2 protein chains.
Amino acid sequence: MTSSKGLKLTRQRQIILEELRKVRTHPTAIEVYTMVRRRLPRISLATVYRNLEELAAAGLIQKLTLAGSRKRFDGTVEEHCHIRCLKCDRVDDVAQVLVPPIVEDVETLHGYQLLGHHLELFGICPRCQEKARERREGPSHSQAGREAKQKER
Amino acid sequence: MTSSKGLKLTRQRQIILEELRKVRTHPTAIEVYTMVRRRLPRISLATVYRNLEELAAAGLIQKLTLAGSRKRFDGTVEEHCHIRCLKCDRVDDVAQVLVPPIVEDVETLHGYQLLGHHLELFGICPRCQEKARERREGPSHSQAGREAKQKER
DNA sequence: CTGAATGCAAATTGTTTGCATGTTC
DNA sequence: GAACATGCAAACAATTTGCATTCAG
């Protein structure tokens, strides 16, 4: 299960893949960079970007098609849809396949040859709901918030 | 139908809105800038960005939640989903509402409070299909391609 | 040994911001 | 005339690229 497409197995490539598969979040390139740097302090961000692209091209990981300006990557290749927290911007997997069968109709309607689709859900994650609740009920034992809302540009 | 939220009606604001409503494409800020500059050659790109944000905040236009790094704007406010051409990157409207009712279930499953969703389709637009066909059947009377695939970063 | 991959820095692209000036209400 | 908008340039953030060096096969 190594390289199907003449990809050399460099240490950095390997570790990027490992780290990405380790998490269930859907990290951006910079987040991957941060994770990987714990094991390879001298790796360059450019290498991370290049490898994420190449691994995705080779079908070993998945470059996600999500809203927002940062690209996100997924260690698994199976199609599944995502839910994004509108407060903290985290992205989680959605277990069930929620894709409407009706979709095919459009093909006719617009002359488009339909090749795929992508459903993304938005909401508030459990963590942020909890935080909001605490805030509402009085900031008594305020637990030091975990998430830093990454401003999407 | 002017300002509900203390927005001053400046010439640039007005023209941005007009131009945006004129088209059915879903232009990026820079595309809007180009359109508007035909009528207001001295307008600055920053003004376009600021106004698009403000008009969207005021609910007069819609900032689209689409994949890709460029933000896109829509002169209409009604929710509807989109189909994007994988070759030339144009975005068209999809007439029917294709949203699965099943969606609600997830709420329970992941602890998320569901607030919205967004379905995007991908395919090849009629124009690009035509181009591909010409190319395949021999580049005899090659009609000088119209679209420049904007590389999404 | 040789092409592919890395690190580093500089370049691009899309978008935002500070500030002095100009314009609506 | 005061608050808000504009234009311009500079600042940012995310990503890409050029190039000399290193490394996997």
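Values in this document were obtained by computation on a predicted structure and should not be read as measured data. In what follows, chains carry the letters A, B, and so on, assigned in the order in which the sequence lines appear, proteins first and then strands, with residues in each chain numbered from 1.
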Of the nucleotides [options], which one has an atom closest to the side chain of [X]?
{"X": "A:Ala46", "options": "C:dA4, D:dA5, C:dC8", "value": "C:dC8"}
{"X": "B:Ser44", "options": "D:dA3, D:dC8, C:dT15", "value": "D:dC8"}
{"X": "B:Glu53", "options": "C:dT24, C:dG14, C:dT16", "value": "C:dT16"}
{"X": "A:Leu9", "options": "D:dA14, D:dG25, D:dA9", "value": "D:dG25"}

Report task. Look at all strands and tell whether A:Leu45 reaches a base, only sugar-phosphate, or nothing, counting heavy atoms closer than 4.0 Å. Result ->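 If one applies the 4.0 Å heavy-atom cut-off, A:Leu45 turns out to touch a base.
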Can we say [X] and [Y] salt-bridge, meaning some charged N sits less than 4.0 Å from an Asp/Glu carboxylate O?
{"X": "B:Lys8", "Y": "B:Glu54", "result": "no"}
{"X": "B:Arg24", "Y": "B:Asp93", "result": "no"}
{"X": "B:Glu19", "Y": "B:Arg39", "result": "yes"}

Query raised in the report: Do A:Lys71 side-chain and D:dA14 base share a donor-acceptor contact under 3.5 Å?
Result: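 Absent.
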Grab the [atom1]-[atom2] distance between [X] and [N] for me, whole Å please.
{"X": "B:Tyr33", "N": "C:dT13", "atom1": "OH", "atom2": "P", "answer": "15 Å"}
{"X": "B:Asn51", "N": "C:dT15", "atom1": "CG", "atom2": "C1'", "answer": "15 Å"}
{"X": "A:Ile43", "N": "D:dT21", "atom1": "CD1", "atom2": "C1'", "answer": "16 Å"}
{"X": "B:Tyr49", "N": "C:dT13", "atom1": "OH", "atom2": "C1'", "answer": "9 Å"}
{"X": "A:Lys63", "N": "D:dT15", "atom1": "NZ", "atom2": "C1'", "answer": "11 Å"}
{"X": "B:Ile30", "N": "C:dT13", "atom1": "CD1", "atom2": "C1'", "answer": "7 Å"}
{"X": "B:Arg72", "N": "C:dT15", "atom1": "CZ", "atom2": "C1'", "answer": "15 Å"}
{"X": "A:Arg70", "N": "D:dC12", "atom1": "CZ", "atom2": "C1'", "answer": "12 Å"}

Taking only side-chain N and O atoms of [X], does any of them lie within less than 4.0 angstrom of OP1 or OP2 on [N]?
{"X": "B:Ser69", "N": "C:dG14", "result": "no"}
{"X": "B:Arg13", "N": "D:dA5", "result": "yes"}
{"X": "A:Gln14", "N": "D:dA24", "result": "no"}
{"X": "A:Thr10", "N": "C:dT6", "result": "yes"}
{"X": "A:Gln12", "N": "C:dG7", "result": "yes"}
{"X": "B:Arg42", "N": "D:dC8", "result": "yes"}

Query raised in the report: When the nearest nucleotide of DNA chain D is assigned to A:Ala29 and to A:Arg50 on a heavy-atom basis, which residue is associated with the more 5' position?
Result: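 That would be A:Ala29.
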Query raised in the report: Between A:Arg72 and A:His82, is any pair of side-chain heavy atoms under 4.5 Å apart?
Result: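 A side-chain contact is absent here, since even the closest heavy-atom pair is not under 4.5 Å.
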Query raised in the report: Picking from A:Leu20, A:Leu55, A:Val48, what satisfies side chain to side chain contact (heavy atoms under 4.5 Å, CB included) with A:Phe73?
Result: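 Result for side chain to side chain contact (heavy atoms under 4.5 Å, CB included) with A:Phe73: A:Leu20.
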Query - Matching residue for B:His26 among B:Asp74, B:Thr76, B:Asp92 - test: side chain to side chain donor-acceptor pair (under 3.5 Å) - result: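 Among the candidates, only B:Asp74 passes.
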